Amino acid sequence: MTASFQRSDAARRSYSFSASVNAGLLIASFVLGQGSIFAAQSWLVARNSLDLLADFGAHFSFLILALMVVDWGTRIVLARRISLAGEGELRDEVRRSYWSACGVRLCAAVAVATVCAVYAWSWGDVFSRWYLLGAAPALAVWSFNATGILDGIKLSGMSGLTAMPAYLASAVGLVLSEAFVSQSNGLLLGFAASFGYAVSVAAQMMALHRVGLFPLAPLGDRERSKSIMREGVAVLLSMLPGQVSFRFQIVICALVLGPAVTGLFLYGRQVAVAVSQVLEFCRRASFAQLVVDVRYSETPVATAFRTQRTATMLAVGLSSGLLIAGVFGMILLGGAPAQACHVLALFSIGILSGSLSQTVVQATQARGDYRAVALAANAAMVVGLGATALFGTLFHLPGLAVSEVLTHIVVVFLLLSMTFRRKLPSSRTRVAA
């Protein structure tokens with residue numbers, strides 16, 4: 001047994017990537033995966049298939065939200081636990097935490113599937129019903145993902161690579177759906193997503209087997225599952241508000257501006273979201289190191305910005321570049337592309353404000369204070385939903401952009417006032433049983 005533990009720790013040292021390599025792989029995989037979706041959607045814009053663009057964009061966006069709920073915040077919880085696992089504890093920590101998390105996630109998957117089924121058969125249209133039927137297996141499959149484990153052993157770049165199949169499969173399905181118009185297009189697109197996520201989880205298991213950390217027979221325990229569920233719900237509540245706010249923007253846009261403009265909104269907004277995701281990958285690649293850096297730091301926010309300085313500099317450059325590109329696109333282009341550039345210019349400022357707020361959020365999460373992040377994020381969501389409904393109705397797209405920046409400001413203000421004016425008890429830095 002001792003020899004097995006030693007091999008596991010040696011595997012972590014031998015196969016862990018540097019933060020820059022992880023960030024590079026995450027960005028490259030996202031560009032290829034999300035880029036394939038963007039290319040397929042660009043093809044729809046060129047063919048003026050704006051209704052299909054709106055249907056797919058909205059449903060795929062809500063599928064990502066559903067899978068986030070299924071994951072139950074365990075990507076961050078497991079990454080933190082495994083990052084702090086001591087010598088000789090890694091293999092056992094991976095096995096116990098993984099299977100305990102799977103039990104929690106399966107319960108979440110059942111709950112989400114029930115809600116989706118009720119919506120589909122009570123209020124959904126034909127596309128919604130077929131899409132949810134095809135995408136339902138993805139909820140069960142994602143319950144067994146190992147993203148948090150890969151992040152915890154500093155292989156987040158590998159988890160990024162394994163995320164590509166779902167995007168690639170959906171992009172192919174989108175092109176086929178446009179070519180063969182049918183009421184059952186939703187089934188094809190939903191099944192494509194399920195197939196892609198199944199491939200993703202299988203690839204993650206292969207990666208863990210390669211480094212000697214494959215979680216063999218199920219070995220969870222009730223107390224560990226309860227602990228993961230408590231920590232996970234706090235993380236989830238800190239992540240959901242931003243995601244819910246974006247989906248609420250889609251709803252307001254559809255109600256106020258109609259499906260065609262909603263399709264263009266999703267198309268242009270996707271670029272801003274993609275850039276924000278690239279910045280998140282940079283922060284995510286350094287999260288394991290951030291946990292260590294802030295553990296004993298007297299100035300955790302300053303420490304977080306030092307550790308995440310690459311993401312901060314990228315945020316300034318990319319938000320400025322997209323603002324300039326959006327303005328020039330509005331001037332030089334016409335029709336639908338010009339409207340998409342208008343969306344891009346409006347939401348470029350939110351990229352910078354969102355990046356700065358997320359660095360403060362990560363500093364709090366690295367200390368294990370998930371509750372404070374959840375409180376701040378949900379308070380900001382309440383403010384954001386009200387601002388989105390009001391400003392979106394009155395000022396349309398500019399109002400939606402302003403409401404987004406407002407939520408970022410609220411998160412930073414609340415975390416700085418609630419959390420970083422007091423010392424965190426030392427017990428917060430220990431891994432829960």
Side-chain angles (χ1 to χ4, degrees), residues 26 29-30 33-34 37 57-80 101-116 119 131-132 135-151 156 159-160 162-167 170 190 193-194 196-198 200-201 204 228-251 266 269-270 273-274 276-281 283-284 287 354 357-358 361-362 365 370 373-374 377-378 380-381 384-385 407 411:
L26 284 167
S29 59
F30 183 76
Q34 188 68 40
I37 294 283
H59 285 79
F60 189 70
S61 178
F62 276 95
L63 174 62
I64 298 300
L65 177 62
L67 293 173
M68 182 179 295
V69 175
V70 169
D71 187 65
W72 204 255
T74 56
R75 178 178 67 80
I76 290 176
V77 173
L78 294 187
R80 184 172 184 272
C102 286
V104 173
R105 293 186 297 216
L106 278 171
C107 293
V110 172
V112 171
T114 301
V115 172
C116 290
Y119 166 79
Y131 188 89
L132 292 174
L139 302 176
V141 167
W142 198 241
S143 300
F144 297 94
N145 81 82
T147 305
I149 297 176
L150 292 171
D151 284 9
S156 55
S159 66
T162 60
M164 286 196 299
Y167 291 93
S170 293
S194 292
Y197 280 107
S200 295
V201 173
Q204 291 176 351
I228 289 175
M229 182 179 66
R230 287 193 300 268
E231 294 180 14
V233 72
V235 174
L236 183 63
L237 289 175
S238 70
M239 297 168 65
L240 279 181
Q243 301 296 324
V244 171
S245 296
F246 173 50
R247 275 70 183 182
F248 190 63
Q249 288 179 347
I250 298 174
V251 173
L266 287 168
R269 186 77 169 82
Q270 182 177 260
V273 171
S276 295
Q277 189 66 61
V278 168
L279 297 173
E280 172 62 21
F281 288 151
R283 288 189 296 270
R284 177 175 158 188
F287 183 71
S357 71
Q358 281 304 304
V361 166
Q362 270 206 333
Q365 290 175 333
Y370 305 124
V373 178
N378 281 275
M381 180 185 69
L385 293 181
T407 62
V411 167

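Predicted, not measured: the structure shown is a model, and the values here were computed from it.
In this structure, CZ on F60 lies 4.5 Å from CD1 on I37, to the nearest 0.5 angstrom. The structure places CG of L240 at 8.0 Å from CE of M381, a figure rounded to the nearest 0.5 Å. How far OH of Y119 is from CZ of F62: 8.0 Å, rounded to the nearest 0.5 Å. In this structure, OH in Y131 is found 10.5 Å from SG in C116, a value given to the nearest 0.5 Å. Atom-to-atom distance recorded for H59:NE2 and I64:CD1 is 13.5 Å, nearest 0.5 angstrom. Annotation: the span from R80 atom CZ to Q365 atom CD amounts to 10.5 Å, rounded to 0.5 Å.
Side chains of Q204 and T147: a donor-acceptor N/O pair is present below 3.5 angstrom, by distance only. Under 3.5 Å, the side chains of N145 and S200 contain no donor-acceptor pair of N or O atoms.
Across every non-hydrogen atom of A274 and Q34, the tightest pair is CB-CG, 4.4 Å. Between V233 and W72, the shortest heavy-atom contact is N-NE1, 3.6 Å. Among all heavy-atom pairs drawn from A193 and L63, the shortest one is CB-CD2, 3.6 Å. Minimum heavy-atom separation, I228 to A101: CD1-N, 4.0 Å. In plain terms, the two heavy atoms of D151 and A79 that are nearest each other are CB-CB, 3.9 Å. Contact detail for A108 and V69: the closest heavy-atom pair is CB-O, 3.9 Å.
One N or O on the side chain of R247 and one on the backbone of Q243 form a donor-acceptor pair closer than 3.5 Å. A donor-acceptor pair under 3.5 Å is absent between the side-chain atoms of D71 and the main chain of L67, judged by distance alone. A donor-acceptor pair under 3.5 Å links the side-chain atoms of S159 to the main chain of S156, judged by distance alone.
Contact check for S194 versus V141: no side-chain heavy atoms found under the 4.5 Å cut-off.
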